[in-house]
Amino acid sequence: MADLIEIPPADGLRIALAYATAGNLTGRPVYAPGARCALRPAAADCLLRAARAARRAGLGLLVYDAYRPAAAQAVFWRMLPDPRYVADAAQGSNHTRGVAVDVGLLDAGGAPLDMGTDFDDMRDQSHHDRDDLPPAVQRNRHLLLGIMLQAGFRSIPTEWWHYELPDAREYALLPESGMVRVVSD
Ligand SMILES: [Zn+2]
């Protein structure tokens, strides 16, 4: 079985890889044009299950990132060497294992639901279990949490958008894949 498979956009599943645009913490594209949403088959199954659950609720899933090459992880670690938000490139990220996704929710009209912060906002407001966010934001985050947990993912405390397989560490870091190439410095 292939290490990574591509997840194409589908009804209720929008792919908008943030690191393929300048709209990320580095302020420039990190992925070369043509980057695709790729995951290991077990994580892809969970993502598709989550997209179906979102659709049943009249919503959609928005994918900000999935498989991430180690070279991209190294770029982020140089910029933000804080292990609460960025996995040390030397240890590797569960994104590089191909079993983590960064996601948000879309309403029926395709507009992102308000999660209180943007994706990749590395502040305490991005943590789960905040008591200083408005009720609508709390509801939206819990909707996403419920959809992703029932699909088989687990959450992490510091990022509302990050979900990964519960046994993520059992998977090896993956070598570079042609599906996601990193822009060279
Ligand atoms: Zn993530």
Side-chain angles (χ1 to χ4, degrees), residues 1-10 12-48 50-51 60-106 110-113 115 117-123 125-126 144 148 153 155-156 158-165 168-169 171-185:
M1 187 181 279
D3 282 339
L4 286 172
I5 57 173
E6 181 182 356
I7 298 97
L13 183 65
R14 187 190 303 170
I15 311 297
L17 300 180
Y19 303 130
T21 74
N24 66 72
L25 71 147
T26 71
R28 65 173 177 84
V30 176
Y31 297 166
R36 286 173 277 165
C37 176
L39 288 170
R40 288 192 189 260
D45 285 348
C46 291
L47 183 64
L48 295 177
L61 270 190
L62 173 59
V63 179
Y64 296 109
D65 198 31
Y67 162 73
R68 181 188 302 161
Q73 196 62 36
V75 171
F76 303 145
W77 180 251
R78 280 201 301 273
M79 177 155 290
L80 185 71
D82 181 340
R84 291 179 306 160
Y85 297 104
V86 178
D88 183 344
Q91 294 180 19
S93 159
N94 290 333
H95 285 280
T96 305
R97 294 184 165 86
V99 294
V101 285
D102 297 330
V103 293
L105 282 174
L106 300 167
L113 294 193
M115 295 295 183
T117 75
D118 287 336
F119 159 74
D120 253 2
D121 184 329
M122 306 306 190
R123 294 180 298 158
Q125 284 84 352
S126 295
L144 180 60
M148 296 302 280
F153 289 106
S155 61
I156 63 170
T158 49
E159 300 177 350
W160 62 256
W161 55 83
H162 178 99
Y163 290 90
E164 59 189 28
L165 292 187
R169 290 278 155 179
Y171 293 86
L173 295 166
L174 290 167
E176 300 294 307
S177 162
M179 287 196 261
V180 185
R181 295 208 180 279
V182 171
V183 176
S184 47
D185 290 322

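Being a predicted model, the structure only gives us computed values, none of them experimental.
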If we only count heavy atoms from C-beta on, is the Asp3 to Arg40 side-chain gap below 4.5 Å? yes
Consider side-chain contact (heavy atoms from CB on, under 4.5 Å). Of Val101, Val103, Thr117, Asp65, which one does Trp161 pass it with? Thr117
Could you tell me whether a side-chain N or O of Arg181 sits under 3.5 Å from a main-chain N or O of Ala32, the two making a donor and an acceptor? no
At what distance, to the nearest 0.5 angstrom, does CD of Glu164 lie from CZ of Arg169? 7.5 Å
Classify the ring geometry of Tyr64 against Phe119: parallel below 30°, tilted from 30° to 60°, perpendicular beyond 60°. parallel
Working note: His95 + Asp102, criterion side chain to side chain donor-acceptor pair (under 3.5 Å); need CA distance, chi angles, decisive distance, verdict. CA-CA 9 Å; His95 285 280; Asp102 297 330; 3.2 Å; yes
Which pair of heavy atoms, one from Tyr31 and one from Ala35, lies closest together, and at what distance? CB-CB, 3.7 Å
Arg97 CZ to Leu4 CG distance, which is reported to the nearest 0.5 Å: 13.5 Å
Any donor-acceptor N/O pair, Ser126 side chain to Asp121 backbone, under 3.5 Å: yes
Do the non-hydrogen side-chain atoms of Ser93 and Tyr67 ever get within less than 4.5 Å of each other? no
Does any N or O in the side chain of Thr158 come within less than 3.5 Å of the main-chain N or O of Arg84, such that one atom is a donor and the other an acceptor? yes
Just jot down the side chain to side chain contact (heavy atoms under 4.5 Å, CB included) partners of Ala51, sequence neighbours excluded, or say none. Leu13, Leu61
